[in-house]
**Q** 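Next up is a structure, given as structure tokens.
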Protein chains: 2
Amino acid sequence: MEDMTSSSPAPTPASRTRPDLATELRITVQRLSRRLRAESDPGDLGEAQFSVLAGLHHHGPSTPRAIAERESVQPPTMTRTLAYLEKAELVTRTDHPTDGRQVVIELTAAGADLVKETRRRRNHWMAQHLRGLSADERATLTDAVTILRRVMDL
Amino acid sequence: MEDMTSSSPAPTPASRTRPDLATELRITVQRLSRRLRAESDPGDLGEAQFSVLAGLHHHGPSTPRAIAERESVQPPTMTRTLAYLEKAELVTRTDHPTDGRQVVIELTAAGADLVKETRRRRNHWMAQHLRGLSADERATLTDAVTILRRVMDL
DNA sequence: TATTGTTATACTCTATAACTATA
DNA sequence: TATAGTTATAGAGTATAACAATA
């Protein structure tokens, strides 16, 4: 019980052409992104919050502006996210040593732990779905990730 | 001007191990999803709204519940999105012929046009980034989309 | 009782505009 | 002037809980 109105026998409508790669990729990425959110535990960090933490774990201490650019959001958005993370004691904020305008955001030990633990949990759903794949299929996905990162400048 | 604090010469921190495929894929999908949003025109439909319209274009008339399941959201979320789309005259709402509890949502002509036009515009940024790829690389991405759709049940 | 859909409410994520402080 | 960051404000997207109508 999840598709049509149950009175119409699925007469696939007007546009039943196969879209091009850009369309397919765009739609697939967005659907998968939404699905990943739907599968996340309640009480988890939000996606944006986790992504900031993971970025700090990977790149080390950064300024709010640098983080905003990495995350493709505007500075006020990052101000808000960082305020939350700081209040939760997952990051610290210190003045920049030489430039009084800047501040430096750094992961706390608790933040680093949370990255590792959350990553483990978040991977579970995806890893389960990946489990049945052949070596070839996994290689295709690995290559696709590499291509996307390069070409989309991710 | 976008990376470190400019005083530390990027001493990549603690965790410089290459994560597994599940992690890489998860992060890549979420970053790309955010980037796609950041590149969309202001005044555009939101992602969720467009996705509902595109789903109707592809699957034909559907009940709110069916759409909510397709989109991986809860029914109240879909109520809200559909109210917006109906007010904008992009979809119509009619009573189900035999089940008084259900309603049937259908694309209007304006809605169908908007799907086509928006799809064309939304593909632009992605298509540009895909343009330089070799035939092999494009084939890898096409295969990856097929695999993801199948295995993630998208 | 079970299902469909809505209303009420709240939280996350995002943006633009306008401001302060520093360079 | 230009840059880094914040505050104020608004809007989209999402969820859970509680409800009404229908099956």
**Q** Can a side-chain donor-acceptor contact be found between A:S72 and B:R35 if the only test is distance below 3.5 angstrom?
**A**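 B:R35 vs A:S72: donor-acceptor pair found between side chains.
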**Q** Output yes when a side-chain donor or acceptor of B:T28 lies under 3.5 Å from a complementary backbone atom of B:E24, and no otherwise.
**A**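 Here the side-chain-to-backbone pair exists.
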**Q** Check this for me, if you would: do A:E71 and B:R34 make a salt bridge, where the nitrogen-to-carboxylate-oxygen distance has to be below 4.0 angstrom?
**A**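 Yes.
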**Q** Of the residues in residues 74-85 of chain A, which ones touch DNA chain D at a heavy-atom distance under 4.0 Å?
**A**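 The answer is A:P75, A:P76, A:T79.
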**Q** Charged N to carboxylate O below 4.0 Å: is that the case for B:E69 and B:R65?
**A**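 No.
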**Q** Can you work out whether A:D99 or A:F50 has the more 5'-proximal nearest nucleotide on DNA chain C?
**A**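 Closer to the 5' end of DNA chain C: A:F50.
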**Q** In whole Å, what is the span from the CZ atom of B:R93 to the P atom of C:dG5?
**A**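 My rounded result for the distance is 9 Å.
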**Q** Taking only N and O in the side chain of A:Q49, is any of them less than 4.0 Å away from OP1 or OP2 of C:dT12?
**A**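 For A:Q49, the contact criterion (side-chain N or O under 4.0 Å from OP1 or OP2 of C:dT12) is not met.
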**Q** Given 3.5 Å as the limit, does a donor-acceptor pair link the side chain of A:T108 with the main chain of A:L90, or not?
**A**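 Side chain of A:T108 to backbone of A:L90: a pair is present.
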**Q** Can you see if the side chain of B:Q102 gets near the phosphate of D:dT22 - specifically, an N or O under 4.0 Å from OP1 or OP2?
**A**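 Answer is no, no contact under 4.0 Å.
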**Q** Over how many whole Å does the gap from B:I105 atom CD1 to C:dT4 atom P extend?
**A**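 Computing the B:I105:CD1 to C:dT4:P distance gives 14 Å.
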**Q** Is a donor from one side chain sitting under 3.5 angstrom from an acceptor on the other, for B:T23 and B:D20?
**A**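 Indeed, the side chains of B:T23 and B:D20 share at least one donor-acceptor pair under 3.5 Å.
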**Q** For a quick check, tell me whether the side chain of B:R101 and the base of C:dT3 share a donor-acceptor pair closer than 3.5 Å.
**A**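 It does, because a donor-acceptor pair links the side chain of B:R101 to the base of C:dT3 below 3.5 Å.
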**Q** I need the residues from residues 29-37 of chain B with at least one non-hydrogen atom less than 4.0 Å from DNA chain C; give them sorted by number, or say none.
**A**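 Within residues 29-37 of chain B, the residues near DNA chain C are B:R34, B:R37.
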**Q** For A:E47 and D:dA15, give me the distance from atom CD to atom P, rounded to whole Å.
**A**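 The distance from CD of A:E47 to P of D:dA15 comes to 12 Å, rounded to the nearest Å.
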**Q** Between C1' on D:dG5 and CD on A:E69, what's the gap in Å once rounded to a whole number?
**A**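 Roughly 13 Å, once rounded to whole Å.
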**Q** Does a salt bridge link A:R150 with B:E137, judged by any charged N lying under 4.0 Å from a carboxylate O?
**A**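 Salt bridge between A:R150 and B:E137, a charged N being under 4.0 Å from a carboxylate O: yes.
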**Q** If I take atom CG in residue A:D95 and atom P in nucleotide C:dA21, what distance separates them, rounded to the nearest angstrom?
**A**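 Atom CG in A:D95 sits about 14 Å away from atom P in C:dA21.
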**Q** Assuming nearest nucleotide by heavy-atom distance, tell me which of A:A38 and A:P64 is located more 5' along DNA chain D.
**A**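 Counting from the 5' end, the first nearest nucleotide belongs to A:P64.
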**Q** Let's see if you can work this out: which of D:dG13, C:dT14, C:dG5 has an atom nearest to the side-chain heavy atoms of B:A48?
**A**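 Nearest listed nucleotide: D:dG13.
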**Q** Figure out the CD/C1' separation between B:E71 and D:dA15, and round it to whole Å.
**A**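 My rounded result for the distance is 16 Å.
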**Q** Strictly distance-based, threshold 3.5 Å: is any side-chain N or O of A:H124 a donor or acceptor partner for the main-chain N or O of A:R120?
**A**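 It does not hold such a pair.
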**Q** Just wondering, more than 12 heavy atoms not from B:E86 lying within 6.0 Å of its CD?
**A**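 Yes.
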**Q** In whole angstrom, what separates B:H96's NE2 from C:dG5's P?
**A**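 Rounded to whole Å, this separation is 9 Å.
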